[in-house]
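Below: one structure, written as structure tokens.
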Amino acid sequence: MSAEPVAGDALDVLFGALADPTRRQLLQRLLANGPATATVLAEPLACSRQAVVKHLQALEAAGLATPERVGREVRYRATPERLASAVGWLLDAGGSWDRRIDRLRGRNQPTRNRR
Amino acid sequence: MNDDVCVEREIELEGSAAELWELVATADGWRQWLVDDAAIEIEVGGVGEVVDDTVHRHVRVVQVEPERSLTFHWWEHDDPSSVSEVVIGLVGLPGGGCRVHIVERPLQPLAFARSTQQSMWEVRACLLALSVHARARV
């Protein structure tokens, strides 16, 4: 199984997608109930199918869901593996570099620190 | 390559690029901040090993531009698929000092060390935390 990259500045795109409550609700339903079409997902929501499609496309761009064509339908499936692997790597590597930067700073007096 | 999954850090330090290059491009320099132990010649094509927080890694030096940038690949001893590329760049600042820019990105698709089921629970926990946070702000 391959992991698609999380697009853009990884964590920003990822959490940007998850910052919207409707998208979180959609993702939770996909996780709980399995793949579903935009039409089915729109039924209990107070928004149009087109709005749901846009939300699903945002989840897809963040690597959190993927469309699958089944006959004439397009069903969306949650892809949490990508989230877990990308976030796990980013947190691990980021923490390691923070510690290294601290040690490097200890070797020197920083004039400014960014990021 | 995972073009968009990367860790990036930047820091501005006192000292010239030449002084900081000693920390960036020598095994002794690496031992002072980058890793716990290093056995490698920092030259193009150079290979060696480092110990990084108890993890043994193989290292291959890819590109060296003295006092400007160093590019190397490293991967865990027992997991070649963990290979990632590290680029450490130095830029001298007009008023003195030096900017150190570091980027690490995985070169292979990120491996799934965890089961899908565990991943799902991590995502659920993430969603729950975000929901609680959103409610707390209302």
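To find a chain, count down the sequence lines: A is the first, B the second, and so on, and within it residues start at 1.
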Sub-4.5 Å side-chain heavy-atom contact between B:Val7 and A:Trp89: yes
Nearest 0.5 angstrom please: B:Ile88 CD1 to A:Leu104 CG, how far? 9.0 Å
Heavy-atom closest pair, residues A:Arg103 and B:Val35: NH2-N, 4.4 Å
Neighbour count above 12 (heavy atom, 6.0 Å) for B:Glu41 CD: no
Rounded to the nearest 0.5 Å, what's the gap from CH2 on A:Trp97 to CD1 on B:Ile11? Could you check? 12.5 Å
Taken to the nearest 0.5 Å, the spacing of A:Leu90 CG from B:Arg105 CZ works out to 11.5 Å
Any side-chain heavy-atom pair of A:Ile101 and B:Val100 under 4.5 Å: no
Cluster link A:Val40 to A:Leu31, ILVMFWY, side chain under 4.5 Å: no
Turns out that what part of B:Leu34 lies under 4.5 Å from chain A's heavy atoms comes down to both
Minimum heavy-atom separation for B:Glu104 and A:Ala93, please, with both atom names. OE1-CB, 4.1 Å
Does A:Arg100 come within less than 4.0 Å of B:Asp52, counting only side-chain N to carboxylate O? yes
With a 4.5 Å cut-off on side-chain heavy-atom distances among I, L, V, M, F, W and Y, is there a chain of contacts connecting B:Trp74 to B:Val103? no
